[in-house]
Amino acid sequence: MASTTPLPPTVGFDLDMTLIDSRPGIHACYLALAERTGTYIDADLAVSRLGPPLGDELINWFPADRVDEVADLYREMYPAYAITPTLALPGAREAIAAVREAGGRAIVVTAKYEPNAKLHLAHLGIEPDAVIGGLWAEQKALALREHEAAVYVGDHVGDVRGARTAGALSVAVAGGPCDATELREAGADVVLTDLTEFPRWFSDFRTGSPSGT
């Protein structure tokens, strides 16, 4: 007789302001970039709206024909300025562990440049099963579908759109630039205060009695 026990799900996680607080490191990198290029960048403002691709931020400070060049420079400088100051957010390691302990796979799908995303995770000792970078909003559905993710966890309305496009359950954490109301209005299925609430929610989800708001 074939087993009717559901397979452990694959869960996708966003990176910035979902698993890690990269604001101190990105702030430092923007200040260094401003000094290197001689161009003013309001680093405080820039780190208040993390989520979208780098070019979406740089266009506020540089002419359009320089954005690609400056983005390459930023990515080159990034490891020296942004990795060490960045911290894991509360519950990040435990959330990954909860998926693993259930026999599932935990993947990271982020708009961040993939090599730098991997540097962050390695520095913090967070070991997902796969890391896919360079995807934003609806584009994240490409990786989520490829890895058959049942759940995607993120902090931005763009993450909600990515989950919904992929047909995955959208679990949002309200610790980034988008508050709980924005996330719900964007269509998040579940809104958590932060990842410390994820293991209990995931346990309920696995047993068929999902919690959350």
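Residues that satisfy the side-chain contact (heavy atoms from CB on, under 4.5 Å) test with Asp179, not counting sequence neighbours, are Thr181, Glu182. Residues forming a salt bridge (Lys or Arg N to Asp or Glu O under 4.0 Å) with Arg75 (at least two apart in sequence, or on another chain): Asp72. Applying the side-chain contact (heavy atoms from CB on, under 4.5 Å) criterion to Ala137, with sequence neighbours excluded, gives Arg161. In this view, Asp65 satisfies the side chain to side chain donor-acceptor pair (under 3.5 Å) rule with no residue, not counting sequence neighbours. Applying the side-chain contact (heavy atoms from CB on, under 4.5 Å) criterion to Ala180, with sequence neighbours excluded, gives Ala174, Arg184, Val191.
Less than 6.0 angstrom separates the ring centroid of His120 from the ring centroid of Tyr78. A distance below 6.0 Å separates the ring centres of Tyr30 and Tyr74.
Note: Ser170 OG to Arg164 CZ = 7.0 Å, rounded to the nearest 0.5 Å. We find the OG-NE2 distance between Ser48 and His27 to be 10.0 Å, quoted to the nearest 0.5 Å. To the nearest 0.5 angstrom, Phe202 atom CZ is 10.5 Å from Thr207 atom OG1. Interatomic distance, CG of Leu142 versus NE2 of His147, reported as 11.0 Å (0.5 Å rounding).
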Can Val70 and Leu33 be said to form a side-chain contact (heavy atoms from CB on, under 4.5 Å), step by step?
CA-CA 8 Å; Val70 175; Leu33 181 69; 3.8 Å; yes

_Step-by-step side-chain contact (heavy atoms from CB on, under 4.5 Å) determination, Val173 to Thr193_ = CA-CA 6 Å; Val173 288; Thr193 302; over 6 Å; no

Worksheet item: Should Val190 and Val151 be marked as a side-chain contact (heavy atoms from CB on, under 4.5 Å) after you check the CA-CA gap, both sets of side-chain angles, and the distance that decides it?
Response: CA-CA 10 Å; Val190 177; Val151 177; over 6 Å; no

Tell me, with the steps shown, if Arg36 and Leu73 meet side-chain contact (heavy atoms from CB on, under 4.5 Å). CA-CA 9 Å; Arg36 178 80 67 90; Leu73 176 59; 3.4 Å; yes

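The number of heavy-atom neighbours closer than 6.0 Å to CD of Glu127, taken from other residues, nucleotides and ligands shown, is 12 or below. For Glu148, the CD atom sits in a loose shell: 12 or fewer heavy atoms of surrounding residues, nucleotides or ligands are nearer than 6.0 Å.
Ion pair Arg100/Asp129 flagged as a salt bridge, since at least one NZ, NE, NH1 or NH2 atom sits closer than 4.0 Å to an Asp/Glu carboxylate oxygen.
With Asp159 contributing its side chain and His156 its backbone, the two residues share a donor-acceptor pair below 3.5 Å. Put simply, the side chain of Thr18 gets close to the backbone of Asp155: a donor and an acceptor are under 3.5 Å apart. Counting only distance, with no hydrogens or angles, the side chain of Ser203 and the backbone of Pro199 share no donor-acceptor pair below 3.5 Å. Put simply, the side chain of Arg206 never gets that close to the backbone of Pro9: no donor and acceptor are under 3.5 Å apart. No side-chain donor-acceptor contact under 3.5 Å links Arg105 to the backbone of Val99.
Of all the heavy atoms in Pro177 and Leu50, the pair that sits closest is CG-O, 3.3 Å. A pairwise comparison of heavy atoms in Leu121 and Pro128 identifies CD1-CG, 3.9 Å as the closest pair.
Between Thr10 and Ile107 there is a side-chain heavy-atom pair separated by less than 4.5 Å.
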In a table with atom names and distances, give each donor-acceptor pair under 3.5 Å that connects a side chain of residues 54-63 to protein atoms at least two apart or in another chain.
unit_1	atom_1	unit_2	atom_2	d
Glu57	OE1	Arg49	NE	2.8
Glu57	OE2	Arg49	NH2	2.9
Glu57	OE2	Trp61	NE1	2.9
Asn60	ND2	Asp56	O	3.3
Asn60	ND2	Glu57	O	3.1

